[in-house]
Amino acid sequence: MIKVYTSSVIDAPADAVWARVRDFNGLPQWTPFVAESRIEEGQPPDRIGCVRNFRLRDGGVIRERLLTLSDYDYQCSYAILESPMGVENYVATLKLTPVTEGNRTFAEWWAEFDCPPEREQALAEQIGHGVFQAAFDSLKKVVAGR
Amino acid sequence: VIRVRRSAVIDAPIERVWAVLRDFNSHSAWHPAVGPSAIERGEAPDQVGCVRDFTLKDGHQIREQLLALSDRDHVSTYCILDASLPMRNYVATVQLKRVTDGERTFWRWESTFDVPRGREREFEQLVGGQVYEAGFTGLAAFLRRDGRPPPPLPAVDSQGVVATSFGGPEVLRLQRVDAPAPRIGEVRLRQAAIGVNYIDVYIRKGLYRALHRRRLGLGADAVAGGPASGVDSAPAPERA
């Protein structure tokens, strides 16, 4: 089991950032790498257990199940059901915390998963940098233009 | 119950911020509202259960006890034991988190406590503003002017007359004693002479529960020897 942790500071109030990221079906609106997304079986995107099915710009398809969603803690977690990444037991959590000084947001995103040992380093880099940090960078621009 | 929550981002890596905050007696070196502070009974400032006794610059006196300390989670929890302020059931938590995007640190400082009815807003502002927010600014400034923490002074060999148990002069032994390196906000004194007083007798008779001090002589004539840890520069040698 390895753990990847990425954190950043978003220059917008936590309420505004959360309004963007709480939509489990909203990845195309704020990440640079998701082309389209839908929730399976017509479920609402904030119903625990719903599955998002999205296509990456590079063509890969990922299915993820919503495990927890807290409007009180600004936190959600989800598990990968299917992906081209070759990971198992993948569970990720995205959490926001208000920064009272400057009315900004501390954003954390971490994941735990299993994979063959020789792929650990490359996957940690890909997920921590290529996914989480890239999404944060994109999120900063999206909320700045709100 | 009042809940106060404040948080900030400090422009320094978590290791540097935590090295200061984990020291329960460091606040007099970086917090603008805190005056003299000491850990009671000579305990280490990272010993869970230790008590810091300090004076605020406005004159209020506070004793606080360290309840929990985690180097793994970068968390410190403490409570007020006594204060000349009308605050009751005060428990506070300091937590740091690493900001991987840039070498920065997220710092959360929270507490819950009770005050007399009608004074809630006043104390929310006092604790949140003059303690927590002022602390964020004070520590950031401390880290900026401090540059790097000064290299720790080595421990030195020293000797003292030590009471090994209660009793008369026969329990006194001349021994090597440990003179550890000063911590943040402390200076090392070179002792020129000590006074032996009635208190040394009272301690050995068991009148005061203070045998842990063990060393003879509570009054001393001394010269500040080395630079203090966590200050800009070494003070000129000064008679203390």
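Everything numeric in this text was worked out from a predicted model, so none of it was measured. Convention: sequence-line order gives letters A, B, ...; per-chain numbering from 1.
A:R63 CZ: more than 12 foreign heavy atoms inside a 6.0 Å radius.
Taking every heavy atom of both residues into account, A:S7 and A:Q133 meet most closely at O-OE1, 4.3 Å. Here the shortest heavy-atom pairing between A:S8 and B:V99 reads CA-CG1, 3.9 Å. Summarising the geometry of A:V143 relative to A:A12, their closest heavy-atom pair is CG2-CB, 3.8 Å, with the distance given to 0.1 Å. In this structure, A:F132 and A:A92 approach most closely via the heavy-atom pair CZ-CB, 4.5 Å. Between A:S138 and A:P32, the shortest heavy-atom distance links the atoms CB-CD, 3.7 Å. Summarising the geometry of B:A29 relative to B:F142, their closest heavy-atom pair is O-CD1, 3.6 Å, with the distance given to 0.1 Å.
Between B:R98 and B:E15 there is a salt bridge, with a side-chain nitrogen of the basic residue lying less than 4.0 Å from a carboxylate oxygen of the acidic one.
Residues from residues 96-127 of chain A that place a non-hydrogen atom less than 4.5 Å from a non-hydrogen atom of chain B comprise A:T97, A:P98, A:V99, A:T100, A:E101, A:R104, A:F106, A:E108, given in numerical order. Contacts of residues 65-89 of chain B with chain A at a heavy-atom distance below 4.5 Å are absent; not one residue qualifies. Heavy-atom neighbours of chain A within the stretch residues 102-128 of chain B, taken at a separation under 4.5 angstrom, comprise B:R104, B:F106.
Both the backbone and the side chain of A:Y5 come within less than 4.5 Å of a heavy atom of chain B. Contact of B:F136 with chain A is made through the side chain alone, with heavy-atom distances under 4.5 Å.
A heavy-atom distance below 4.5 Å is not found between the side chains of A:L66 and A:R47. With a 4.5 Å cut-off on side-chain heavy atoms, A:V61 and A:E82 do not count as touching. Taking the side chain as every heavy atom from C-beta outward, B:V51 and B:E43 never approach each other to under 4.5 Å.
Applying the side chain to side chain contact (heavy atoms under 4.5 Å, CB included) test to A:L56 and every residue at least two apart in sequence or in another chain returns A:F33, A:V34, A:F54, A:D58, A:I62.
A donor-acceptor pair under 3.5 Å is formed between the side chain of B:S26 and the backbone N or O of B:V20.
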One pair to check against side chain to side chain donor-acceptor pair (under 3.5 Å): A:T68 and A:S77. What are the steps and the verdict? CA-CA 5 Å; A:T68 70; A:S77 37; 2.4 Å; yes
